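Here is the structure we will look at, set down as structure tokens.
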Amino acid sequence: MAIIVAKFGGTSVADVERIENAADKIKREVERGNKVAVVVSAMSGVTNRLVGYCDAISKLQDLREYDTVVAAGEQITAGLMALALQKRGIGARSWMGWQIPFKTTEMHGKARITDIDPTEILKRMEEDEVAVIPGFQGVTERNRISTLGRGGSDTSAVAMAAALNADRCDIYTDVDGVYTTDPRIVPKARKIKKISFEEMMELASLGAKVLQTRSVEIAAKKKVAMQVLSSFEDRIGSDLPGTLIVKEEKIMEEQLVSGIACSRNEAKITFIGVKDQPGAASKIFTPLSEAGVSVDMIVQNISHDGQLTDMTFTVGRSELTRALDAIEKAGIECEEVRSADNVAKISIVGIGMISNSGVAGTMFEVLSDKGINIEVISTSEIKVSVLIDEEYAELAVRALHTAYGLDAAV
Ligand code: ADP
Ligand code: ASP
Ligand code: MG
């Protein structure tokens with residue numbers, strides 16, 4: 001007997017037929033003698049629709065109410081999944097985030113899980129009941145509904161697996177594993193059999209939306225055995241060759257660059273003519289952090305006259321309005337503030353970079369050969385990211401994929 005958490009993403013529960021198909025898979029896991037908790041996303045497209053409703057009322061909405069609205073999608077799927085399991089003769093019950101509870105921070109819209117009480121779920125598992133849990137939802141200390149940020153059902157699943165001390169966390173999705181880059185952009189992308197937590201975290205945080213970054217962070221910290229697999233195949237769980245997320249030393253073949261990520265969820269803000277003096281950066285970034293806006297890439301130009309300089313940084317595209325509002329309210333002294341959301345961040349990721357120089361150079365050469373201008377660069381030990389015009393995003397990803405030898409043999 002094993003404890004298994006199985007998560008089904010939006011496309012895998014897009015309609016009643018797919019929910020029934022997912023329920024068949026759960027039934028087979030139960031018939032193998034396993035105890036199962038199912039985590040479900042909202043049906044494909046539902047969360048986007050709910051976000052759209054909120055934005056239509058106000059782009060500067062109260063995030064507590066945004067959470068109340070967007071958390072609703074998962075509630076529907078959880079109830080339907082419980083019904084589909086019951087129809088198959090399996091004892092099943094749905095549990096909203098607040099009922100378990102999934103305690104989270106107060107950071108509405110992108111809350112972090114702080115604690116899960118698995119007692120009742122474990123007790124019911126002993127009685128052969130399958131728990132159906134809506135992903136993405138939590139409850140704050142102040143007893144308000146929270147959500148975990150887009151893609152957050154992955155994190156709900158891994159956190160639940162950690163709390164239940166599960167033997168496996170299976171992330172069923174619409175691709176059959178993690179690829180060297182988004183297979184929808186590069187058809188020649190290769191499936192990766194095993195990827196390290198570190199690389200997966202970087203790829204996820206840089207835009208590979210196949211897993212939410214936080215889910216990989218929790219899996220690494222709590223040693224959750226996690227795999228990504230297709231919900232469209234007939235085989236289930238351990239029978240499927242998906243992608244395992246593992247500790248670095250378990251990986252045999254190592255590449256210089258393991259994967260390429262592309263994020264279109266970027267917007268760029270430039271301050272022109274800010275005073276080049278101590279404290280200038282904190283005057284800009286403190287109000288942004290107080291408004292709950294996360295800043296990512298930052299460049300400050302050298303001042304030509306020792307007086308004024310330009311500063312460029314990126315924020316999440318969905319946070320641009322909030323960021324500009326916070327900047328305006330802070331009344332920061334400068335000549336002009338410009339913003340643009342037609343940018344994309346392209347990143348190369350690989351543990352092999354630690355011990356090899358020249359990896360970034362190849363990236364810049366490839367982009368230059370294609371006539372693509374780099375607006376901002378940021379690096380870490382295992383990644384290099386560049387910000388470019390969104391129009392060239394796919395061209396850049398394809399060219400880099402080939403240049404680093406990642407294309408699948410055809
Ligand atoms: P779900 O609804 O199951 O959570 P998502 O849409 O969030 O699924 O994530 C799966 C999608 O992630 C795939 O359809 C694919 O287009 C995209 N993706 C981006 N980068 C990668 C990658 N490196 N490997 C696999 N899929 C990727
Ligand atoms: N439904 C949420 C979203 O679309 C959470 C998830 O699917 O993981 O972002
Ligand atoms: Mg997802």
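Each ligand, and each atom within it, is numbered from 1 in the order the structure gives. The shown structure was predicted, so the numbers you read here are calculated from the model rather than taken from an experiment.
- Side-chain atoms of D117 and T119 form a donor-acceptor pair, as typed in the model, at a separation below 3.5 Å.
- Distance CG/L256 to OH/Y404: 8.0 Å, rounded to 0.5 Å.
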Side chain to side chain contact (heavy atoms under 4.5 Å, CB included) between S263 and L206, worked out: CA-CA 6 Å; S263 166; L206 296 168; over 6 Å; no

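- Given atom 8 (O) of ligand 1, the protein heavy atom at minimum distance is T173 OG1, 3.2 Å.
- A 4.5 Å side-chain heavy-atom check between E65 and R144 finds at least one atom pair inside the cut-off.
- A heavy-atom separation below 4.0 Å is not found between L203 and ligand 1.
- Side-chain atoms of S215 and K7 include no donor-acceptor pair closer than 3.5 Å.
- Considering every non-hydrogen atom in both S41 and V13, the closest pair reads O-CG2, 3.6 Å.
- Taking the side chain as every heavy atom from C-beta outward, L240 and Q227 never approach each other to under 4.5 Å.
- Listed by atom number, the atoms of ligand 1 under 4.0 Å from G10 heavy atoms are 1 (P), 2 (O).
- Between F285 and F313, the angle of the ring planes goes over 60°, which puts this pair in the perpendicular group of the 30/60° scheme.
- The heavy atom nearest to atom 25 (C) of ligand 1, considering only A208, G152, G177, is found in G177.
- For the residue pair S205/T213, the side-chain donor-acceptor check at 3.5 Å is not satisfied.
- We find that R28 and D24 are not joined by a salt bridge, their nearest charged nitrogen and carboxylate oxygen being 4.0 Å or further apart.
- Against a heavy-atom cut-off of under 4.0 Å, G9 is close to the following atoms of ligand 1: 1 (P), 2 (O), 3 (O), 4 (O).
- Residue-level proximity to ligand 1 for T181 is carried by the backbone, the only part with a heavy atom below 4.0 angstrom.
- Separating the CD1 atom in I260 from the CG atom in D182 is a distance of 12.0 Å, to the nearest 0.5 Å.
- The single protein non-hydrogen atom nearest to atom 27 (C) of ligand 1 is V210 CB, 3.7 Å, given as residue, atom name and distance.
- Side-chain N/O atoms of S146 and D67 include no donor and acceptor closer than 3.5 Å.
- Among the atoms of D174, some N or O lies under 3.5 angstrom from an N or O of ligand 1.
- With atom 16 (O) of ligand 1 as the reference point, the heavy atom nearest to it among V13, I260, D182, D176 is part of D182.
- Against a heavy-atom cut-off of under 4.0 Å, V178 is close to the following atoms of ligand 1: 24 (N).
- Between K209 and ligand 1, an N or O atom pair is found at a separation short of 3.5 Å.
- Put simply, part of K7 is less than 4.0 Å from ligand 1, judged by heavy atoms.
- Within 4.0 Å of ligand 2, contacts by protein heavy atoms are made from S41, A42, T47, E74, F136, R150, G151, G152, S153.
- In summary, K27 and E20 do not engage in a salt bridge, as defined by a charged side-chain N under 4.0 Å from a carboxylate O.
- Residue contacts with ligand 1 do not include A189, since none of its heavy atoms lies under 4.0 Å from the ligand.
- Among all non-hydrogen protein atoms, the one lying nearest atom 14 (O) of ligand 1 is R184 NH2, 2.6 Å.
- Under a cut-off of 6.0 angstrom, the local environment of CG in D239 is crowded, with over 12 non-hydrogen atoms contributed by other residues, nucleotides or ligands.
- Counting protein heavy atoms only, atom 24 (N) of ligand 1 is closest to Y179 N, 2.9 Å.
- With a heavy-atom cut-off of 4.0 Å, P183 touches ligand 1 through its side chain alone.
- Polar contact check, T180 against ligand 1: no nitrogen or oxygen pair lies under 3.5 Å apart.
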